[in-house]
Amino acid sequence: MVIVSEIDEARAALQDLIAGANRIVAFTGAGISTECGVPDFRSKNSPWQRLKPIDFDIFVADMLQREEAWRRKFALDDIYAQAQPGRGHWALANLVASAKISAIITQNIDNLHQTSGVADEKIIELHGNGTYATCLACGKRHELNLIRHEFMATGAAPICTDCGGIVKTATISFGQPLPETAMQRAHDAATNCDLFLAIGSSLIVYPAAAFPIIACQHGARLIIVNDEKTPLDDQADVVLRGDIGDIFEPLAT
Ligand code: NAD
């Protein structure tokens with residue numbers, strides 16, 4: 001494992017690794033979005049620590065907790081709902097457009113890969129999407145602006161206009177099963193790439209953090225781009241230690 005922390009060397013190493021690869025899969029975590037104003041999960045002072053997501057079984061079982069979950073959701077949206085993609089997102093969008101990257105597996109729920117122009121079929125969302133809601137019973141999609149309007153007026157947690165079921169943001173909460181199709185697609189992508197780029201993840205949330213390991217086991221080179229040490233650094237071929245936006249900047253335009 002090689003650690004590169006000087007910015008020009010990190011940029012050059014990244015570009016060489018990309019040039020030498022044919023099928024790249026990117027795996028993104030909250031760190032790619034911090035420069036966009038979306039706080040990550042574990043950093044000191046993260047609002048996610050104060051406005052913690054409520055576990056799935058509690059959300060389903062307890063109406064008061066459901067209302068609290070929606071209050072927290074809208075408080076977080078006030079912080080980041082208007083966020084725009086950052087340099088890392090633009091660089092990945094360019095690499096998808098030039099067919100270097102075949103898939104982006106993301107743990108993020110902020111929709112910023114889509115906003116940067118990457119087609120839905122290239123994005124694999126492991127933890128869902130926080131920019132809309134769905135009915136847990138019938139699956140109908142519900143838009144947040146309408147839910148918010150009603151919630152601000154009544155304080156009541158939304159129910160489905162079609163079937164009366166519980167409506168929840170389309171994110172995967174702790175205790176909620178991960179989406180099977182996304183997990184299968186991520187597995188297929190990880191086993192069919194020659195370079196796996198893990199960007200901005202602490203790599204401690206499983207099963208998501210297993211995908212870099214699976215990629216390595218299937219012969220891919222593993223590159224980790226992050227500003228702090230991760231538990232998988234020892235398994236990486238190269239660790240680019242620094243700011244994601246700075247490292248990806250030359251590829252972003
Ligand atoms: P994490 O918060 O556990 O780890 C983020 C990592 O990125 C940290 O190691 C941090 O030091 C690093 N980092 C932050 N900013 C960086 C930068 N500019 N340059 C380089 N490194 C930087 O995030 P995770 O591993 O993605 O796990 C958190 C979970 O919380 C995810 O499952 C996700 O669903 C959810 N989450 C999502 C968002 C989002 O959608 N943007 C934000 C917060 C939490």
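Numbering of ligands and ligand atoms starts at 1, following listing order.
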Can you list the atoms of ligand 1 that are under 4.0 Å from a heavy atom of Gly242?
19 (N), 20 (C)
Please compare Asn111, Ile244, Leu126, Thr28 and report which has the shortest non-hydrogen distance to atom 19 (N) of ligand 1.
Ile244
Hey, could you give me the CD1/CG distance between Ile109 and Leu126, rounded to the nearest 0.5 Å?
12.5 Å
Between Val38 and ligand 1, does any nitrogen or oxygen pair lie at a separation below 3.5 Å?
no
Return yes if some donor-acceptor pair links the side-chain N/O of Arg66 with the main-chain N/O of Phe59 below 3.5 Å, else return no.
yes
As an exercise, identify every atom of ligand 1 less than 4.0 angstrom from a heavy atom of Asp243.
17 (C), 18 (N), 19 (N)
Could you tell me whether His127 approaches ligand 1 through its side chain, its backbone, both or neither, with non-hydrogen atoms closer than 4.0 Å?
side chain
For atom 39 (C) of ligand 1, which candidate among Asp110, Asp246, Leu112 holds the nearest heavy atom?
Asp110
Can you find a non-hydrogen atom of Glu35 under 4.0 Å from ligand 1?
no
Indicate the ring-plane relationship of Phe174 and Phe41, choosing parallel, tilted or perpendicular according to the 30° and 60° boundaries.
tilted
Give the atom numbers and elements of ligand 1 that come within less than 4.0 Å of a heavy atom of Thr34.
14 (C), 15 (N), 16 (C), 17 (C), 18 (N)
Select the closest option to atom 17 (C) of ligand 1 among Gly128, Ser201, Ala208, Gly31, judged by heavy-atom distance.
Gly31
Before accepting this row, confirm whether a basic side-chain N of the pair Arg71/Glu67 lies closer than 4.0 Å to the acidic partner's carboxylate O.
no
What part of Ala30 sits under 4.0 Å from ligand 1 if we count only heavy atoms: the side chain, the backbone, both or neither?
both
Just to be sure I read this right, does ligand 1 sit under 4.0 Å from the backbone of Ile109, its side chain, both, or neither, counting only heavy atoms?
both
Residue and atom name of the nearest protein heavy atom (relative to atom 7 (O) of ligand 1), distance in Å to one decimal:
Asn226 OD1, 3.2 Å
Which of the numbered atoms in ligand 1 are under 4.0 angstrom from any heavy atom belonging to Phe41?
2 (O), 28 (C), 30 (O), 43 (C), 44 (C)
Taking atom types as modelled and ignoring hydrogens, do the side chains of Lys168 and Ser173 form a donor-acceptor contact shorter than 3.5 angstrom?
yes
Value for CG (Asn111) from OH (Tyr132), rounded to nearest 0.5 Å, stands at 8.0 Å
Pair Arg11 + Asp246, salt bridge at N-O below 4.0 Å
no
Val205 N/O to ligand 1 N/O under 3.5 Å:
no
Give the atoms of ligand 1, by number and element, whose distance to some non-hydrogen atom of Glu228 is under 4.0 Å.
8 (C), 9 (O), 11 (O)
Interfacing atoms of ligand 1 (cut-off 4.0 Å, heavy-atom, Gly200):
5 (C), 6 (C), 7 (O)
Out of all atoms in ligand 1, which are within 4.0 Å of some heavy atom of Ser33? Include the element for each.
41 (N)
Geometric class of the Phe196/Phe27 ring pair [parallel <30°, tilted 30-60°, perpendicular >60°]
tilted
Using distance alone, decide if ligand 1 has a nitrogen or oxygen within less than 3.5 Å of any nitrogen or oxygen in Gly29.
no
Those atoms of ligand 1 less than 4.0 Å from some heavy atom in Pro39
42 (C), 43 (C)
Once rounded to the nearest 0.5 Å, what's the spacing between atom CD of Glu228 and atom OG of Ser202?
7.0 Å
